[in-house]
Amino acid sequence: MKKENIEEVIKILSETYPEAKCALNFNSPYELLVSTILSAQCTDVRVNQVTEELYKEYNTPEKVISLTEEELGEKIRSCGFYKNKSKNILGATRTILKEHNGEVPNTMEELIKLPGVGRKTANVVLSNAFGVPAIAVDTHVFRVSNRLGISKGNTPDAVEKGLMENIPRDMWSDTHHYLIWHGRQICKARRPNCDNCPVAPYCEFFNNLVEEKK
DNA sequence: CTCCCGATAT
DNA sequence: ATATCAGGAG
């Protein structure tokens, strides 16, 4: 898609979803890190439900590290992948305590060294906890970017690279949230609601549908 | 590429 | 019944 059209798409999405922001509830970088690890293949609603209870007692590295893998796993069970997530949260917490003086690191390089933390999770933490411009490519951003044609790629890394090239740095974090909101409300995985999509005129996916019907 | 995995929408 | 949900590791 042409750069001027990409800017127009972002403008329309910003007007459509002015309230778009991080959907995960957190009160510290550490809470956001844990919530984001939990959010893999799980709805943010479920994560918030689990963490509201979890963070009452266990909201710091020092407190979480007192739990066994089985104990933590049981508390986060309903988020799915609970054995991996429990092991990763405890592993990441251990590293934060040993190597980072109990503070969540604020660089991509250090974040992705933590177990269970890849580029997507690292970008969420950088953007929402530390105010660093970043575009986390999750399932929604990946799907919506490819459909619209604002950044096409076979992997999240490729889509992230394209988005960073096509979007002004100071719009990265906001755009990331617009794309997620749009993916949830209109450009859904199963039955995208193109009839009510404000950016359909610019969308490659929609325009291809129109072509096929001719 | 496969595996991890429970909850919900369709 | 099955696809999908703020992915990451082996």
Side-chain angles (χ1 to χ4, degrees), chain A residues 13 17 19-26 29-55 69-70 72-96 104-105 108-130 132-147 151 153-161 163 172-195:
Chain A
L13 292 178
Y17 312 105
E19 78 284 15
K21 60 177 177 58
C22 183
L24 299 169
N25 296 332
F26 65 99
Y30 180 71
E31 286 189 5
L32 178 59
L33 176 67
V34 172
S35 290
T36 309
I37 292 174
L38 289 176
S39 72
Q41 296 296 289
C42 178
T43 61
D44 56 289
V45 174
R46 171 69 53 185
V47 173
N48 287 333
Q49 190 176 317
V50 165
T51 57
E52 181 177 6
E53 190 62 30
L54 177 67
Y55 295 159
E69 204 172 305
E70 290 70 26
L72 179 57
E74 200 47 46
K75 294 180 184 301
I76 65 172
R77 189 174 194 280
S78 67
C79 290
F81 299 155
Y82 63 93
K83 291 181 182 175
N84 283 340
K85 288 175 181 176
S86 177
K87 181 178 297 188
N88 287 335
I89 288 168
L90 288 173
T93 300
R94 206 170 297 122
T95 302
I96 287 168
V104 176
M108 171 64 70
E109 186 185 359
E110 294 301 323
L111 280 167
I112 59 178
K113 286 182 185 170
L114 301 174
V117 178
R119 282 193 72 85
K120 181 265 173 178
T121 298
N123 276 325
V124 168
V125 172
L126 287 172
S127 170
N128 295 295
F130 297 121
V132 177
I135 304 178
V137 178
D138 62 20
T139 182
H140 298 299
V141 175
F142 184 78
R143 179 182 68 252
V144 175
S145 297
N146 271 302
R147 279 187 183 157
S151 176
N154 299 322
T155 66
D157 283 8
V159 169
E160 182 189 337
K161 187 167 181 291
L163 288 172
W172 286 358
S173 295
D174 284 338
T175 301
H176 155 74
H177 290 115
Y178 300 148
L179 293 175
I180 290 184
W181 248 243
H182 190 55
R184 286 193 177 130
Q185 300 185 25
I186 301 286
C187 196
K188 295 180 285 188
R190 276 213 189 172
R191 207 165 52 82
N193 190 356
C194 300
D195 290 341

K.L.:
Apply salt bridge (charged side-chain N to carboxylate O under 4.0 Å, His left out) to A/E74 and list each qualifying residue two or more places apart in sequence or on a separate chain.
P.N.:
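For A/E74 there are no salt bridge (charged side-chain N to carboxylate O under 4.0 Å, His left out) partners, ignoring immediate neighbours.
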K.L.:
For A/I89 versus A/Y30, what's the shortest heavy-atom pair and its separation?
P.N.:
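So the minimum-distance heavy-atom pair works out to CG2-OH, 4.5 Å.
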K.L.:
Taking atom P in both B/dA7 and C/dG8, compute the distance separating them and give it to the nearest angstrom.
P.N.:
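Each nucleotide's P atom is 22 Å from the other's.
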K.L.:
In chain order, what residues pass the side-chain hydrogen bond (donor to acceptor under 3.5 Å, both in side chains) check against A/K120, with sequence neighbours excluded?
P.N.:
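For A/K120 the side-chain hydrogen bond (donor to acceptor under 3.5 Å, both in side chains) partners, ignoring immediate neighbours, are A/S39.
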K.L.:
Suppose the criterion is side-chain hydrogen bond (donor to acceptor under 3.5 Å, both in side chains): which pairs have a residue in residues 40-50 of chain A, not counting sequence neighbours?
P.N.:
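Residue pairs passing side-chain hydrogen bond (donor to acceptor under 3.5 Å, both in side chains), neighbours aside: A/D44-A/R184.
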K.L.:
Heavy-atom nearest nucleotide on DNA chain B for A/K85 versus A/Q49: which residue maps closer to 5'?
P.N.:
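In this pair, the answer is A/K85.
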K.L.:
What nucleic acid atoms does A/R46 come within less than 4.0 Å of, heavy atoms only: base, sugar-phosphate, or nothing?
P.N.:
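Touches sugar-phosphate only.
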K.L.:
When the C1' atoms of B/dC5 and C/dT2 are compared, how many Å lie between them, rounded to an integer?
P.N.:
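15 Å, rounded to whole Å.
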K.L.:
Looking for any heavy atom pair under 4.0 Å, which part of the strands does A/K83 touch: base, sugar-phosphate only, or nothing?
P.N.:
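A/K83: backbone/sugar contact only, no base atoms under 4.0 Å.
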K.L.:
Can you build the contact string for nucleotides 5-10 of chain C? Use B for base contact, S for sugar-phosphate-only contact, and - for no protein heavy atom under 4.0 Å.
P.N.:
BBBSS-
K.L.:
Can you sort out the partners of A/Y178 under side-chain hydrogen bond (donor to acceptor under 3.5 Å, both in side chains), two or more places apart, ordered by chain and number?
P.N.:
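Applying side-chain hydrogen bond (donor to acceptor under 3.5 Å, both in side chains) to A/Y178 gives none.
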K.L.:
Just jot down the side-chain hydrogen bond (donor to acceptor under 3.5 Å, both in side chains) partners of A/D157, sequence neighbours excluded, or say none.
P.N.:
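Applying side-chain hydrogen bond (donor to acceptor under 3.5 Å, both in side chains) to A/D157 gives none.
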K.L.:
When the side chains of residues 137-146 of chain A are checked against the rest of the protein, which donor-acceptor pairs come out under 3.5 Å, sequence neighbours left out?
P.N.:
unit_1	atom_1	unit_2	atom_2	d
A/D138	OD1	A/H140	N	2.8
A/D138	OD1	A/V141	N	2.8
A/H140	ND1	A/R143	NH2	3.0
A/R143	NE	A/C187	O	3.0
A/R143	NH2	A/G183	O	3.1
A/R143	NH2	A/C187	O	3.1
A/S145	OG	A/V141	O	2.7
A/N146	OD1	A/G153	N	2.9
A/N146	ND2	A/F142	O	3.0
A/N146	ND2	A/G153	O	3.3

K.L.:
Does A/E110 have any salt bridge (charged side-chain N to carboxylate O under 4.0 Å, His left out) partners at least two apart in sequence or in another chain, and if so, which?
P.N.:
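Listed in chain order: A/K113.
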K.L.:
Take atom C1' in C/dT4 and the same atom in B/dC4, then report the distance between them in whole Å.
P.N.:
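These two C1' atoms come out 16 Å apart once rounded.
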K.L.:
Along DNA chain B, 5' to 3', what are the outermost nucleotides having an atom less than 4.0 Å from a heavy atom of chain A?
P.N.:
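For DNA chain B, the relevant span reads B/dC4 to B/dT10.
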